[in-house]
J.: 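Quick one: the structure is below, questions incoming.
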Amino acid sequence: MHELSKQFRFEAAHTLQRRIDAEPSRRIHGHSYRAEVVLRGVPDAGSGMLIDLGHFAQCIGEVREALDHRFLDDITDLGPATLENLSSWIWRRLAGACPGLVRVSVYRDSEGDTCSYFGPG
Ligand SMILES: Nc1nc2c(c(=O)[nH]1)N=C([C@H](O)[C@H](O)COP(=O)(O)OP(=O)(O)OP(=O)(O)O)CN2
Ligand SMILES: [Zn+2]
């Protein structure tokens, strides 16, 4: 069993309604995000690959384009733009094209925050 992963960064803005008193989060603000997509499987005997990294990069690039420098509140099927929803949203966008998907993690390094999604179970 091998594990292959790729990371990408994106900058995006959002608002967030919170139960705790956090007025700043209700205002439009931005974050720097880092995402990690992890695949596991047995490499193809002929190619020696789980997936060609060029294809992997192309799939991830399409997801990044949908997130980078965007206002995340405008993404209709995302829900509140939390780390939790971002990680599962990225999963849903990649699951069909990336066989062996096992984890999507989204990081906000400046805050030391991370959320990982392992699939619908
Ligand atoms: N479970 C989650 N909780 C929160 C998330 C999240 O994605 N998942 N996100 C936010 C907001 O994005 C908030 O803007 C995060 O910024 P941060 O500064 O880390 O949060 P705080 O305002 O609580 O911290 P400060 O020290 O006041 O900046 C919030 N919660
Ligand atoms: Zn925020």
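Just so you know, ligand 1 is whichever comes first in the structure, and atom 1 is the first atom listed for that ligand. For clarity, every value in this text was computed on a predicted model and none was experimentally measured. For the numbers below, each heavy atom of this structure counts, side chains included, while hydrogens, waters and symmetry mates do not.
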J.: Taking the side chain from R40 and the backbone from V102, do they hold a donor-acceptor pair closer than 3.5 Å?
T.: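 No.
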
J.: Using the salt bridge (charged side-chain N to carboxylate O under 4.0 Å, His left out) rule, take R9 and D109 through it: C-alpha gap first, then chi angles, then the decisive distance, then the call.
T.: CA-CA 11 Å; R9 295 181 184 275; D109 292 323; 3.4 Å; yes

J.: State, without any angle test, whether Y117 and E84 hold a side-chain donor-acceptor pair at a distance under 3.5 Å.
T.: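 Result is no, nothing qualifies.
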
J.: For the Zn ion (ligand 2), count the protein N, O or S atoms found under 2.8 Å away.
T.: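 Step by step: take the Zn ion (ligand 2), keep protein N, O, S below 2.8 Å, and you get 3.
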
J.: Mind checking whether Y33 and F10 have parallel, tilted or perpendicular rings, split at 30° and 60°?
T.: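 Correct class here is parallel.
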
J.: Are V38 and F56 joined in one hydrophobic group, where the rule is that I, L, V, M, F, W and Y side chains link up if heavy atoms are under 4.5 Å apart?
T.: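 In one cluster with V38: F56, no.
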
J.: Look only at the side chain of D73 and the backbone of T15, and say whether a donor-acceptor pair between them is shorter than 3.5 Å.
T.: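 Checking the backbone N and O of T15 against the side chain of D73, a donor-acceptor pair under 3.5 Å is found.
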
J.: Walk me through it: do S105 and R103 pass the test side-chain hydrogen bond (donor to acceptor under 3.5 Å, both in side chains)?
T.: CA-CA 6 Å; S105 296; R103 172 171 59 87; 2.6 Å; yes

J.: Students should find this: residues with any non-hydrogen atom under 4.0 Å from ligand 1. What is the answer?
T.: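 Correct list: H14, L16, R18, S25, H29, H31, T82, L83, E84, R108, E111, D113.
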
J.: Please determine, by modelled atom types, if R18 and S25 share a side-chain donor-acceptor pair under 3.5 angstrom.
T.: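 Yes, because at least one side-chain N or O of R18 sits under 3.5 Å from a partner of the opposite role on S25.
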
J.: Using atom types as modelled and distance alone, determine if a side-chain donor or acceptor of D113 lies under 3.5 Å from a backbone N or O of R108.
T.: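 Flag not set: sc D113 to bb R108 has no pair under 3.5 Å.
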
